[in-house]
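One structure below.
Predicted model only: the values in this text are computed from it and were never measured.
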There are 2 protein chains.
Amino acid sequence: MNKTLQHIEYSEESKELARYAKALGHPVRLVILKHLSNQSCCYTGDLVDVLPLAQSTISQHLKELKDAGLIEGEVNPPKIRYCIHQESWQKAKELFDTLFKQDFGGIQCC
Amino acid sequence: MNKTLQHIEYSEESKELARYAKALGHPVRLVILKHLSNQSCCYTGDLVDVLPLAQSTISQHLKELKDAGLIEGEVNPPKIRYCIHQESWQKAKELFDTLFKQDFGGIQCC
DNA sequence: ATAGTTCATCGCAAATATACGATTAATATT
DNA sequence: AATATTAATCGTATATTTGCGATGAACTAT
């Protein structure tokens, strides 16, 4: 067969949405975001206190959320204050809205 | 430190949302869902024709979407017709809506 | 019965993700 | 300068994901 060298060109939207979805694809990160939303912001240490995970592990999850663009950190020595990244959050919201806007309910098929 | 044996109890919501998000966290699967929504339904073979990936790979992605509950397959020998799973799709939509409903725009912090 | 079609599954390799403890970097405090 | 605090990063181990080709199962058509 050998159909491919697997270099697929995805749309920017697909890539961006997949990136957000992937970042949201772990329960710990959802808990972190929830915590962040409750407090509006919080320090890494707060999360370390709350979650039964090593500090390094939490830091890593924060990094993934940050890399995906969903949160941002403000240095506030010696702590770091994390918050939702407004713009990206809005962008993610829109992308998911668009994805789910397809109202499959109308087209009955199976 | 040894803070944990890492048995965290997540809420059902977190687990379910994470499961959906994870399934959506790969561009190929988004393309598949888009294709599915365009045609309302389609056969595995259609996707194999469209995507530059091996049949087995596509089958695997379909399995993941099915395991997450986002799609369902109707046997239509010798083919299988895949469609969006209405209920789960709606449930996912709601969970994401709830997640993004938090209007962080109001609470300025950083 | 035999051969053909369609798609899932197996077995494998490579890459990525997840967790940890230990270390390092940055800054504040003494 | 020396110490303490906070959090990122490094190194490592294990598990999961992603991809492939090959094989197998289910059903059709000859």
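- What separates CG of B:Asn76 from P of C:dT6 is a distance of 13 Å, to the nearest Å.
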What N/O pairs connect the protein and nucleotides 12-18 of chain D at under 3.5 Å? Give each pair on its own line.
unit_1, atom_1, unit_2, atom_2, d
D:dT17, OP1, B:Lys22, NZ, 2.8
D:dT18, OP2, B:Arg29, NH1, 3.1
D:dT18, OP2, B:Glu64, OE2, 3.0

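- Judged purely by distance below 3.5 Å, without hydrogens or angles, the side chains of B:Ser56 and B:Ser59 never pair a donor atom with an acceptor atom.
- Summarising the geometry, the separation between CD on A:Gln55 and P on C:dG21 is reported as 11 Å, rounded to the nearest angstrom.
- The distance from atom CG of A:Asp67 to atom P of C:dA17 is 10 Å, rounded to the nearest whole Å.
- With sequence neighbours left out, the side-chain hydrogen bond (donor to acceptor under 3.5 Å, both in side chains) criterion links B:Glu87 to no other residue.
- B:Ser59 comes within 4.0 angstrom of a nucleotide base, judged by non-hydrogen atoms across all strands.
- For the pair A:Lys66 NZ and D:dA8 P, the computed distance is 6 Å after rounding to whole Å.
- Computed from coordinates, the B:Tyr43 OH to C:dC7 P distance equals 9 Å when rounded to whole Å.
- Screening residues 35-61 of chain B for ring-ring contact (aromatic ring centres under 6.0 Å, His included) gives B:His26-B:His61 as the qualifying pairs, with residues at least two apart or on separate chains.
- The side-chain hydrogen bond (donor to acceptor under 3.5 Å, both in side chains) test applied to A:Thr98 returns no partner, not counting sequence neighbours.
- Partners of A:Glu9 according to the salt bridge (charged side-chain N to carboxylate O under 4.0 Å, His left out) rule, which considers only residues two or more places apart in sequence or in another chain, do not exist here.
- Residues that satisfy the side-chain hydrogen bond (donor to acceptor under 3.5 Å, both in side chains) test with B:Lys34, not counting sequence neighbours, are absent from this structure.
- For D:dA8, one of the phosphate oxygens OP1 or OP2 lies less than 4.0 angstrom from a side-chain nitrogen or oxygen of A:Tyr82.
- Taking atom CG of A:Leu51 as the reference point, atom C1' of C:dC20 lies 16 Å away to the nearest angstrom.
- The distance from atom CD of A:Glu74 to atom P of C:dT27 is 14 Å, rounded to the nearest whole Å.
- Atom CZ in B:Arg81 sits roughly 16 Å away from atom C1' in C:dC7 (whole-Å rounding).
- In summary, B:Asp97 and B:Lys101 do not engage in a salt bridge, as defined by a charged side-chain N under 4.0 Å from a carboxylate O.
- A residue-by-residue look at B:Pro78 and A:Ser56 shows that B:Pro78 has its nearest nucleotide of DNA chain C further toward the 5' end.
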